[in-house]
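Okay, so here's the structure we're looking at.
All chains are named by letter (A, B, ...) in the order of the sequence lines, taking the proteins before the strands, and each is independently numbered beginning at 1.
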Amino acid sequence: MNHLKQLIYNSVKSIFNIEVEVELTRPDEKFGDFSTNVAMKLSKELGKNPKEIAETLVGILSENTELVSEVSIAGPGFINLRLTDNAIFSLTNSDIDKIYQGQTIIAEYSDPNPFKPLHAGHLYTTLVGDVIARLLEKGGANTVRLNYGGDVGRHVAISMWSIIKFLGGESPEKLSEIPASERPLWLGQRYVEGNKAFEENDNYKSEIIGLNKKVYEIHKKNDHESNFAKIYWTCREWSYQAFKELYEQLEVHPFDRFIPESEVVNLGVKTLEDQLISGVYKKSDGAVIFKGEDHGLHDRVFINSEGLPTYEAKEVGLLLTKWKDYHFDKSVIITANEIDQYMKVVLKSVEQYEPELAKRTLHITHGMVKLEGGVKMSSRKGNVITAKDIIDSANQASIESRAETNKETVLAAIKYALVKNRVGGDVIYNPVESIALEGNSGPYLQYAHARARSILAKSTIDDLVVPGDLQKDERSLLRIISEFNEIINKSIIDLSPHLICNYLYELAQVFNRFYESNRVIGDDRETIRLKLVELYADRLKSGLELLGITAPDRM
RNA sequence: GCACCGGUAGCUCAGUGGAUUAGAGCAUCUGUCUUCGGAACAGAGGGUCGGGGGUUCGAAUCCCUCCCGGUGUACCA
């Protein structure tokens with residue numbers, strides 16, 4: 001593609017003496033391989049009709065017969081170009097642009113809170129984050145995968161209150177009565193119960209507020225001895241264990257670092273104190289706030305009137321910890337969109353004293369996960385869908401449709417279904433569709449790959465021939481194969497995994513069309529066609545791997 | 001009230017200034033084929049791109065306005 005851009009750029013320069021940025025798009029196949037709107041761009045500057053400009057350019061472009069086989073003008077002045085077979089094949093040899101080469105980029109995602117259940121949103125945000133981190137890495141970044149979680153704060157106090165009530169007092173020894181397999185569920189139930197108490201009873205509420213301070217004390221004193229502390233540390237560990245198990249089950253890339261809130265809270269509070277003096281933060285009704293309203297946002301509390309840091313204060317500590325420890329070129333935070341405006345306020349406040357940090361931070365938000373499609377969810381508490389519910393429903397759909405569950409297939413189904421949509425809106429997860437072997441699904445692509453590999457395995461020919469002088473269907477296949485790098489590059493720039501999904505599916509469709517009417521094994525053109533099959537299978541595999549999905553040779 | 005994210009075919013979604021018929025999958029209907037893994041291929045029906053204005057040679061895409069859904073809006077995260 002670069003050769004073509006260069007050719008157009010040079011042509012424009014030699015004729016009009018203008019340096020223009022050449023944009024290439026992929027039009028419908030019947031129009032050509034690439035399309036450019038430079039004529040329209042130039043028309044204003046030159047005061048000429050775009051068609052006239054295009055005609056001049058067509059003349060010079062068509063002289064390069066090495067690269068271009070056909071040039072035409074369309075509509076108001078688009079120039080369509082068809083490449084020679086050799087030129088389009090050479091596109092498959094180009095590399096992915098290393099746009100983040102030499103940069104340290106932090107990807108923060110997943111962020112589950114200990115003492116709370118792992119819901120479907122955690123599953124989603126973990127998978128999206130995992131793919132985005134892979135994209136950053138593919139773009140050449142030195143990627144740091146970070147996981148942040150609230151091991152202090154009100155939600156912990158809520159759980160602790162209910163845990164102690166369940167144990168009949170501060171009796172850590174009784175925790176051993178809860179079987180290991182039931183711990184995550186049990187903790188989740190404690191949180192739900194505690195929340196109810198907090199909302200419905202003022203006495204309980206003030207007890208919980210008291211416990212909140214007590215939890216901070218544990219960290220301040222590094223208390224591992226008191227009964228209260230023993231319960232806390234044990235249950236925190238149980239949560240971490242559950243997270244670890246989920247990540248292993250999902251086969252996501254391991255995290256480089258886990259930062260609990262307790263680790264950053266002091267830095268956050270200290271910063272707030274300093275910046276209170278400098279005037280960034282203000283006192284209001286006994287709390288420390290940031291006047292977001294002065295910046296077109298809204299006001300938020302960073303330290304409450306009890307003197308306890310809120311999530312905002314801890315986020316400040318986290319942002320500064322990342323900055324201090326990594327001096328990142330870019331920091332990407334992936335969370336649900338309910339946190340969007342809150343994050344804007346926190347970042348705006350930090351921008352006042354660390355402008356560079358704020359500038360380099362990118363907050364990507366996504367929507368909620370909802371379940372659809374007749375699979376009954378095992379919700380214990382009504383409307384919460386857990387991460388386990390999603391996995392269970394995929395397994396169940398797999399058993400129902402083909403009487404078996406295969407781990408690789410089920411994982412592919414879940415991962416693909418959750419990243420195939422543009423990041424931003426809500427995702428409606430349909431387990432039956434996700435597991436299906438037809439349609440736009442992960443298992444379909446895995447199957448498509450296995451099928452292609454089996455064709456390759458069947459042939460006795462080793463020396464595959466570089467395609468040249470292609471037939472129509474062969475060329476269509478090579479054409480879409482050649483788009484792979486462009487798609488990956490765009491996906492890396494936009495940090496948009498769904499582009500890869502759309503492409504891979506289309507690629508598989510074009511292949512099936514080709515394969516339907518063109519014999520490979522035993523045909524006169526076997527060596528050429530086999531090469532195309534190989535190029536196709538390789539791209540399916542590496543595309544799926546970028547999505548964190550395996551591409552087995554057999555299934 | 002204000003802010004953010006959404007509203008495209010019956011359902012789930014691409015497409016976010018450019019070209020003739022706005023594209024896929026699922027679902028529905030019709031064909032092909034004694035199948036290199038048919039878990040395929042070909043085709044049909046189905047859309048006032050939430051409504052209305054505007055900018056432009058050209059708008060699903062940009063601007064204004066209204067409607068609907070979700071989320072957030074001071075001491076939760």
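A:M40 places its CE atom 14 Å from the P atom of B:rA59, with the value rounded to the nearest Å. In this structure, A:I428 places its CD1 atom 14 Å from C1' of B:rC5, rounding to the nearest Å. Distance CD (A:E29) to C1' (B:rG23): 16 Å, rounded to an integer number of Å. Between A:D340 atom CG and B:rC4 atom C1' the separation is 6 Å, expressed in whole Å. Note: CZ (A:R300) to P (B:rA74) measures 8 Å, nearest angstrom. The distance from atom CD1 of A:I79 to atom P of B:rA19 is 16 Å, rounded to the nearest whole Å. Rounded to whole Å, atom P of B:rA24 lies 14 Å from atom OH of A:Y444. Following rounding to the nearest Å, A:I289 (CD1) and B:rU73 (P) show an atom-to-atom distance of 15 Å.
Remark: B:rG72 base-pairs with B:rC2. Criterion, Watson-Crick or G-U wobble with two distances under 3.5 Å. Across all strands shown, B:rA19 has no partner, as no Watson-Crick or G-U wobble contact with both distances under 3.5 Å is found. Remark: B:rA60 base-pairs with no nucleotide; criterion is Watson-Crick or G-U wobble with both hydrogen-bond distances under 3.5 Å. Across all strands shown, nothing is found opposite B:rG46 as a Watson-Crick or G-U wobble partner with both distances under 3.5 Å. In a base pair of the Watson-Crick type (N1 to N3 plus N6-O4 or O6-N4) or a G-U wobble (N1-O2 and O6-N3), with each distance short of 3.5 Å, B:rU55 is matched with no nucleotide. Under the Watson-Crick or G-U wobble criterion, with both distances below 3.5 Å, B:rA24 is paired with B:rU12.
Taking atom P in both B:rU12 and B:rC57, one finds a spacing of 39 Å when rounded to whole Å. Comparing the same atom, C1', in B:rU65 and in B:rG45 gives a spacing of 37 Å after rounding to whole Å. With both ends at atom C1', the span from B:rC11 to B:rC75 equals 44 Å, rounded to whole Å. Taking atom C1' on both nucleotides, B:rC67 is separated from B:rG15 by 24 Å, rounded to a whole Å. For the P atoms, the distance from B:rC66 to B:rA3 is 10 Å, rounded to whole Å.
Sorted by residue number, the members of residues 497-508 of chain A with any non-hydrogen atom under 4.0 Å from RNA chain B read A:H498, A:N502, A:Y505.
Across all strands shown, A:S284 has heavy atoms under 4.0 Å from base atoms, whether or not it also approaches the sugar-phosphate. Residue A:K314 is classed as a sugar-phosphate contact, given heavy-atom separations below 4.0 Å to backbone atoms only. At a threshold of 4.0 angstrom between heavy atoms, the contacts of A:N80 include nucleobase atoms, whether or not backbone atoms are also involved. A:A450 comes within contact range of at least one nucleobase, with a heavy-atom separation under 4.0 Å. A:M343 comes within 4.0 angstrom of no nucleic acid atom, judged by non-hydrogen atoms across all strands. Within the 4.0 angstrom heavy-atom criterion, base atoms lie near A:R519. Backbone-only contact: A:T310 has heavy atoms under 4.0 Å from sugar-phosphate atoms and none from a base. Across all strands, A:G150 comes closer than 4.0 Å to no nucleic acid atom at all (heavy-atom distances). At the heavy-atom level, A:Q341 lies under 4.0 Å from base atoms of the strands shown. Using a 4.0 Å heavy-atom cutoff across all strands shown, A:D553 reaches at least one base atom of the nucleic acid. Counting non-hydrogen atoms under 4.0 angstrom, A:N518 reaches a base of the nucleic acid. Using a 4.0 Å heavy-atom cutoff across all strands shown, A:I339 reaches at least one base atom of the nucleic acid. Within 4.0 Å (heavy atoms only), A:N113 reaches sugar-phosphate atoms of the nucleic acid but no base atom. Across all strands, A:D285 comes closer than 4.0 Å to base atoms (heavy-atom distances).
Salt bridge status for A:E23 with A:K41: present, with a side-chain N to carboxylate O gap under 4.0 Å. Between A:K370 and A:D426 there is a salt bridge, with a side-chain nitrogen of the basic residue lying less than 4.0 Å from a carboxylate oxygen of the acidic one. With salt bridges taken as basic N to acidic carboxylate O contacts below 4.0 Å, none links A:E193 and A:K196. Classification of A:R453 and A:D538 as a salt-bridged pair holds, one side-chain N sitting under 4.0 Å from a carboxylate O. Between A:K205 and A:E199 no salt bridge is recorded (no basic side-chain N to carboxylate O distance below 4.0 Å). Ionic pairing of A:R529 and A:E526 is not present here: no N-O contact between side-chain nitrogen and carboxylate oxygen is shorter than 4.0 angstrom.
Across the interface with RNA chain B, nearest-nucleotide mapping of A:N37 and A:K116 shows A:N37 to be the residue nearer the 5′ end. With the nearest nucleotide of RNA chain B identified for both A:I455 and A:S35, A:S35 has the one nearer the 5' end.
For A:E438, the listed nucleotide lying nearest its side chain is B:rA27; candidates were B:rC41, B:rA27, B:rC13. Nearest nucleotide to the A:N337 side chain, out of B:rC5, B:rG70, B:rA77: B:rC5. Comparing B:rA19, B:rA77, B:rA74 against the side chain of A:Y342 picks out B:rA77 as the nearest. Out of B:rA77, B:rC76, B:rU21, the shortest distance to the side chain of A:E261 is found at B:rA77. The A:N512 side chain lies nearest to B:rA40 when the options are B:rG72, B:rA74, B:rA40. The side chain of A:N421 has B:rA14 as its nearest neighbour among B:rG70, B:rC75, B:rA14. Comparing B:rA42, B:rG18, B:rC26 by their closest approach to the side chain of A:R513 singles out B:rA42.
Remark: A:R154 is not in phosphate contact with B:rA77, judged by side-chain N or O atoms under 4.0 Å from OP1 or OP2. Taking 4.0 angstrom as the limit, A:K458 places a side-chain polar atom (N or O) nearer than this to OP1 or OP2 of B:rG37. Taking only side-chain nitrogens and oxygens, A:K291 never comes nearer than 4.0 Å to OP1 or OP2 of B:rA74. Phosphate proximity of B:rG37 to A:S454: present, with a side-chain N or O under 4.0 Å from OP1 or OP2. For A:R451 and B:rG37, the shortest distance from a side-chain N or O to OP1 or OP2 is not below 4.0 Å. Within the 4.0 Å cut-off from OP1 or OP2 of B:rG25, at least one side-chain nitrogen or oxygen of A:Q509 is found. Between A:R554 and B:rG37 there is no side-chain polar atom (N or O) within less than 4.0 angstrom of OP1 or OP2. Within the structure, every side-chain polar atom (N or O) of A:R422 is placed at least 4.0 Å from both OP1 and OP2 of B:rC5.
Not one N or O on the side chain of A:H366 forms a donor-acceptor pair closer than 3.5 Å with the backbone of A:N337.
If you look at A:F198 and A:Y204, their ring centroids are not closer than 6.0 Å.
When the options A:Y281, A:Y342, A:Y311 are evaluated for a ring-ring contact (aromatic ring centres under 6.0 Å, His included) with A:F302, the one that passes is A:Y281.
By the 6.0 Å and 45° rule, A:R26 stacks over the aromatic ring of A:F34.
At most 12 non-hydrogen atoms from other residues, nucleotides or ligands lie less than 6.0 angstrom from CG of A:D202. Within 6.0 Å of NZ in A:K490 there are 12 or fewer heavy atoms belonging to other residues, nucleotides or ligands.
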